[in-house]
Amino acid sequence: MTDRSADRHPQPQASRAKRLYIETHGCQMNVYDSERMRDVLAPLGFVQADAPEGADLVILNTCHIREKATEKVFSTLGRLKQEKDRRRAAGGQMTIAVAGCVAQAQGEEIARRAPGVDLVVGPQAYHQLPELIARSARANGVTLETTFTPEEKFDALPARAASGVSAFVSVQEGCDKFCTFCVVPYTRGAEYSRPAEAVLAETRALAAQGVREIVFIGQNVNAYHGGMSLAGLIRAAAQIPGVERIRYTTSHPNEMSDDLIAAHGEIEALMPFLHLPVQSGSTRVLRAMNRKHDAEAYLAIVEKLRAARRDIALSSDFIVGFPGERESEFEETLALVRAVGFAQAFSFKYSRRPGTPAADMPGQVADDVARERLQRLQALLRAQQLAFNAQQIGKRLPVLVDGPGRHPGQMHGRSPYLQAVHFDGDERQIGAVTTVEITAASLNSLGARMPAKAPA
Ligand code: 5AD
Ligand code: SF4
């Protein structure tokens with residue numbers, strides 16, 4: 001949290017801590033990267049600010065996956081430039097840096113189109129931030145760094161500072177799958193797995209600082225091969241004292257090995273929830289997407305997962321209106337959703353990304369058609385999510401308590417199936433797994449109470 005009192009009682013410039021505001025868009029990888037950027041900048045005296053106003057350094061960590069997210073970067077930079085001008089007029093200064101996948105993909109365009117920007121830094125160069133900031137202070141124009149060196153980055157990043165009960169640990173970055181709609185292979189580069197020893201050392205350090213849940217993240221996390229498979233990594237992490245829960249995201253169906261599926265049945269700490277994007281239920285569309293599996297193969301994986309862990313909850317990503325998608329093919333997606341029954345899901349209208357193969361495919365679907373399909377898909381997914389949440393009513397579930405809830409006396413935690421749970425408790429429960437009785441369900445959360453003690 002920012003110390004607002006500092007605004008009311010300004011300190012002399014020399015002794016004032018430098019303030020860093022990071023605005024994060026996009027996926028978990030960006031959330032993780034923003035934390036790491038904070039770690040890199042802490043030794044320089046930067047403390048976290050919760051708004052750009054008054055910050056000395058603003059980093060916009062951007063997402064390139066869909067057009068809307070990308071366009072937002074330029075409007076946000078326009079607003080930041082105004083703030084920078086205000087600060088300048090008052091005799092102060094503010095450095096603006098653009099990070100993330102838009103920086104990687106459109107760095108030069110940012111330098112041309114966004115006048116207030118001092119620094120453009122791609123996701124593989126965050127370890128160089130102190131040096132880049134110093135360089136940009138001396139430079140006249142925009143400083144740009146977008147080289148690809150993931151090995152170097154991970155080795156050079158400082159130790160993690162944990163905050164909270166659950167922490168992301170990046171195990172893998174980049175993607176070699178080249179789905180025809182997706183920019184990730186171009187912005188994040190080829191698949192790279194961090195060595196298992198480094199991942200486990202980071203996990204141990206986090207557990208020692210009180211983290212109870214580790215979420216292994218990667219663009220293709222189940223393609224992990226850093227000296228062992230992801231299943232091996234999960235088995236090793238489950239042995240670390242203090243690690244009570246393990247999750248991983250995001251997975252590709254073709255990398256769901258039998259070993260990883262079996263792990264869901266064997267490792268108690270591995271939570272019964274899996275985000276497994278399918279994108280479409282039509283085998284023809286999947287082929288055009290270059291997903292390299294068909295709808296039946298996805299259903300077969302789901303069956304195997306449920307055989308290994310009966311109660312596993314599934315989540316997915318869907319794209320509607322992919323070029324050439326016919327109404328009957330969209331209905332195959334609805335049929336797949338009905339066949340699986342998802343606990344939650346993300347669904348998007350196809351967004352044309354210049355430079356990807358699908359951008360030039362014939363049969364681009366009209367926006368109103370895609371919008372209408374998205375509405376139908378989301379109505380079905382919402383109904384499934386609500387039904388899944390409602391199924392929990394009356395059950396006792398272990399909840400990892402991660403902080404206070406919305407009201408005084410209320411606590412917030414997560415069920416094994418990643419549902420948000422609110423219940424009346426107290427702050428001493430934070431960081432512990434507590435069994436609660438589910439009493440209510442809505443689309444986005446569960447209500448619960450502490451179970452009554454059995455009479456002696
Ligand atoms: N248009 C719409 N959605 C996309 N995604 C990736 N690229 C696009 C695109 N061009 C979605 C996919 C992916 C998720 C992270 O974003 O569903 O799984
Ligand atoms: Fe993009 Fe496909 Fe790689 Fe996922 S697997 S990051 S959708 S190219």
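Just follow the structure's listing: the first ligand is 1, and inside any ligand the first atom is 1.
- Classified by interplanar angle (parallel below 30°, tilted 30° to 60°, perpendicular above 60°), the ring pair Tyr417/Phe388 is perpendicular.
- Some N or O of Arg66 is nearer than 3.5 Å to an N or O of ligand 1, by distance alone.
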*Residue pair Lys349, Asp367: steps toward the salt bridge (charged side-chain N to carboxylate O under 4.0 Å, His left out) verdict*: CA-CA 8 Å; Lys349 234 172 18 172; Asp367 192 62; 2.9 Å; yes
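- Residue-ligand proximity: Arg188 is placed with every non-hydrogen atom at 4.0 Å or more from ligand 2.
- Near Arg353, meaning under 4.0 Å from one of its heavy atoms, ligand 1 places the atoms 10 (N).
- Only side-chain heavy atoms of Phe348 come within less than 4.0 Å of ligand 1; its backbone N, CA, C and O stay farther off.
- Those atoms of ligand 1 that come under 4.0 Å of a heavy atom in Tyr350, given as number and element, are 1 (N), 2 (C).
- At a threshold of 4.0 Å, the pair Asp258-Lys304 counts as salt-bridged, since one of the basic side-chain nitrogens sits closer than that to a carboxylate oxygen.
- The aromatic ring centres of Phe168 and Tyr248 sit 6.0 Å or more apart.
- Applying the 6.0 Å contact sphere to NZ of Lys72 captures no more than 12 heavy atoms from other residues, nucleotides or ligands.
- Between Tyr192 and Phe154, the ring-plane angle classifies as parallel under the 30° and 60° cut-offs.
- The protein heavy-atom contact nearest to atom 8 (C) of ligand 1 is Phe181 CD1, 3.7 Å.
- For Lys349, the closest heavy-atom approach to ligand 1 falls below 4.0 Å.
- Using a 4.0 Å cut-off between charged nitrogen and carboxylate oxygen, Asp118 and Arg135 do not count as a salt-bridge pair.
- The distance from ligand 2 to the heavy atoms of His252 drops below 4.0 Å at these ligand atoms: 5 (S).
- A salt bridge between Arg113 and Glu108 is absent, with no side-chain N of the basic residue lying under 4.0 Å from a carboxylate O of the acidic one.
- Here the side chains of Thr333 and Val320 are not in contact, with every heavy-atom distance at 4.5 Å or above.
- On a distance-only criterion, Ser351 and ligand 1 share at least one N/O pair closer than 3.5 Å.
- At under 3.5 Å, not a single nitrogen or oxygen of Ile319, backbone or side chain, sits near a nitrogen or oxygen of ligand 1.
- Remark: ligand 1 atoms within the under-4.0 Å shell around heavy atoms of Gln279 are 12 (C), 13 (C), 17 (O), 18 (O).
- The 12-atom threshold is exceeded at CD of Glu327, counting heavy atoms of other residues, nucleotides or ligands nearer than 6.0 Å.
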*Could you check Phe342 against Ser315 for side chain to side chain contact (heavy atoms under 4.5 Å, CB included), going step by step and ending with a plain yes or no?*
CA-CA 6 Å; Phe342 288 96; Ser315 156; 5.5 Å; no
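- Shown here are the protein N/O/S atoms lying under 2.8 Å from atom 1 (Fe) of ligand 2, water excluded: Cys182 SG.
- Applying the 4.0 Å criterion to heavy atoms of Asn220 picks out, from ligand 2, the atoms 3 (Fe), 5 (S).
- Nearest-heavy-atom check against atom 14 (C) of ligand 1 across Ile65, Asp317, Val183 picks out Asp317.
- Note: Phe322 and Tyr350 meet the aromatic proximity criterion, with ring centroids under 6.0 Å apart.
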